[in-house]
There are 2 protein chains.
Amino acid sequence: MPSSTDTAWVEHALAALQDAGYRRGGARTVVVETLAGHDCAVTALGLDEELRRRKPAVGRASVYRTLDQLEELGLVQRFEASRGIASYERVNPSGHHHHHAICRRCGRMEAFEDRGLERSIARVSDQVAFEVAEHDVVLRGLCERCAS
Amino acid sequence: MPSSTDTAWVEHALAALQDAGYRRGGARTVVVETLAGHDCAVTALGLDEELRRRKPAVGRASVYRTLDQLEELGLVQRFEASRGIASYERVNPSGHHHHHAICRRCGRMEAFEDRGLERSIARVSDQVAFEVAEHDVVLRGLCERCAS
DNA sequence: ATGACTGCAAAGCCTTTGCACGCAA
DNA sequence: TTGCGTGCAAAGGCTTTGCAGTCAT
């Protein structure tokens with residue numbers, strides 16, 4: 001099910017980039033628009049591959065550079081899906097988000113959300129001597145298909 | 001505060017390795033013993049550096065190979081502390097464990113534990129269509145020192 | 001004696017950096 | 001016009017693999 005592009009996030013992100021002093025470059029805009037079309041995490045290399053075969057091809061360096069900038073501004077969140085594989089997912093300004101269960105055999109990823117879990121994390125974040133900006137929860141094991 | 005070595009875990013791990021059909025090699029044993037001396041996560045490269053300057057020096061490959069084997073057997077848990085930095089922590093057979101808050105600026109790591117959080121995760125693990133074997137929670141932000 | 005275990009060095013992989021050219025402002 | 005943005009190729013950094021010698025069993 002190819003989800004529709006989150007245009008609100010595109011505008012939000014482009015505005016934030018501009019506010020941060022970045023110019024409106026072509027590659028950067030394409031990366032933002034492409035991320036907006038994914039509801040769940042994408043690997044950096046997967047995104048690169050996807051953009052490599054576009055009409056005005058986007059260079060790998062631009063993909064990585066843009067992802068870094070977006071992460072720095074809190075517009076996307078980075079996490080490691082599998083060994084050494086960086087994945088990125090856009091951050092919803094509303095704060096609403098999900099987490100992932102990842103299959104250690106095939107890499108399949110399932111998203112889930114739980115208010116109780118979020119509450120627990122919020123509570124713990126207050127108890128720790130850190131200014132917590134984000135959190136990440138990953139469940140690892142075998143997906144239905146690999147377990148059987 | 002250099003914690004004392006967890007000898008119970010060493011025996012547990014060595015026995016599990018033997019049961020899995022591994023022979024009792026020198027390098028492997030040293031890696032296990034060294035891990036037992038760390039109460040919190042160690043990076044693979046840090047462990048390598050630590051073992052490199054031992055009397056019978058342990059090779060880097062052996063460190064990585066052993067960590068893989070231990071992870072496969074569920075004796076240690078692997079997670080990404082900072083960008084592209086693999087960290088390992090021994091798994092207590094009792095199931096008792098902690099999670100981490102990591103400073104995005106200096107990398108400082110603080111461990112914390114919370115029963116409510118564990119309960120939330122256990123509940124969510126049951127709701128997901130996965131055979132969840134382990135979970136990982138990371139809080140990212142600024143540590144007290146970097147925030148001020 | 002047999003095959004696993006090791007260390008070293010080389011290769012792999014993902015990611016980052018250097019540089020010259022193009023484009024936004 | 002200025003200097004940020006971009007693509008390409010090269011370099012980096014962590015991890016894995018190939019191989020020959022060594023050691024456990």
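Residue numbering restarts at 1 for every chain, and letters A, B, ... go by the order of the sequence lines.
- Rounded to an integer number of Å, the gap from CG of B/D68 to P of D/dT16 is 5 Å.
- Taking for each of B/Q18 and B/I85 the nucleotide of DNA chain D with the nearest heavy atom, the 5'-most of the two is the partner of B/I85.
- The aromatic rings of A/H100 and A/F79 sit parallel, their planes meeting at an angle under 30°, below the 60° perpendicular limit.
- At the phosphate of C/dT16, OP1 or OP2 sits under 4.0 Å from a side-chain N or O atom of B/R83.
- Following rounding to the nearest Å, B/L47 (CG) and D/dC14 (C1') show an atom-to-atom distance of 14 Å.
- We find that OH of B/Y64 is positioned 15 Å from C1' of C/dC8, with the value rounded to whole Å.
- Checked against C/dG7, D/dG7, D/dT15, the side chain of A/S62 finds its nearest nucleotide in D/dG7.
- For the salt bridge (charged side-chain N to carboxylate O under 4.0 Å, His left out) test with B/R104, the passing option among A/E134, A/E71, A/E72, A/E131 is A/E134; the others fail.
- In terms of phosphate contacts, B/R60 brings no side-chain nitrogen or oxygen within less than 4.0 Å of OP1 or OP2 of C/dG7.
- A close approach under 4.0 Å does occur between a side-chain nitrogen or oxygen of A/R28 and OP1 or OP2 of D/dG5.
- Salt-bridge annotation for B/E50 and B/R54: absent, with no side-chain N of the basic residue lying under 4.0 Å from a carboxylate O of the acidic one.
- A donor-acceptor contact closer than 3.5 angstrom links the side chains of B/E118 and B/H99.
- Side-chain atoms of B/R52 and base atoms of C/dG7 include no donor and acceptor less than 3.5 Å apart.
- As a whole-Å value, the separation of A/R24 CZ from D/dG5 P is 13 Å.
- Atom CZ of A/R145 is surrounded by 12 or fewer heavy atoms from other residues, nucleotides or ligands within 6.0 Å.
- Here the P atom of nucleotide C/dA25 and the CZ atom of A/R23 are 7 Å apart, to the nearest Å.
- Separating the CD atom of A/E49 from the C1' atom of C/dT15 is a distance of 16 Å, rounded to the nearest angstrom.
- A/R65 has its CZ atom 14 Å from the P atom of C/dC19, to the nearest Å.
- A/L17 has its CG atom 10 Å from the P atom of D/dT6, to the nearest Å.
- Closest to the A/A61 side chain, of the nucleotides C/dG7, D/dC8, C/dT15, is D/dC8.
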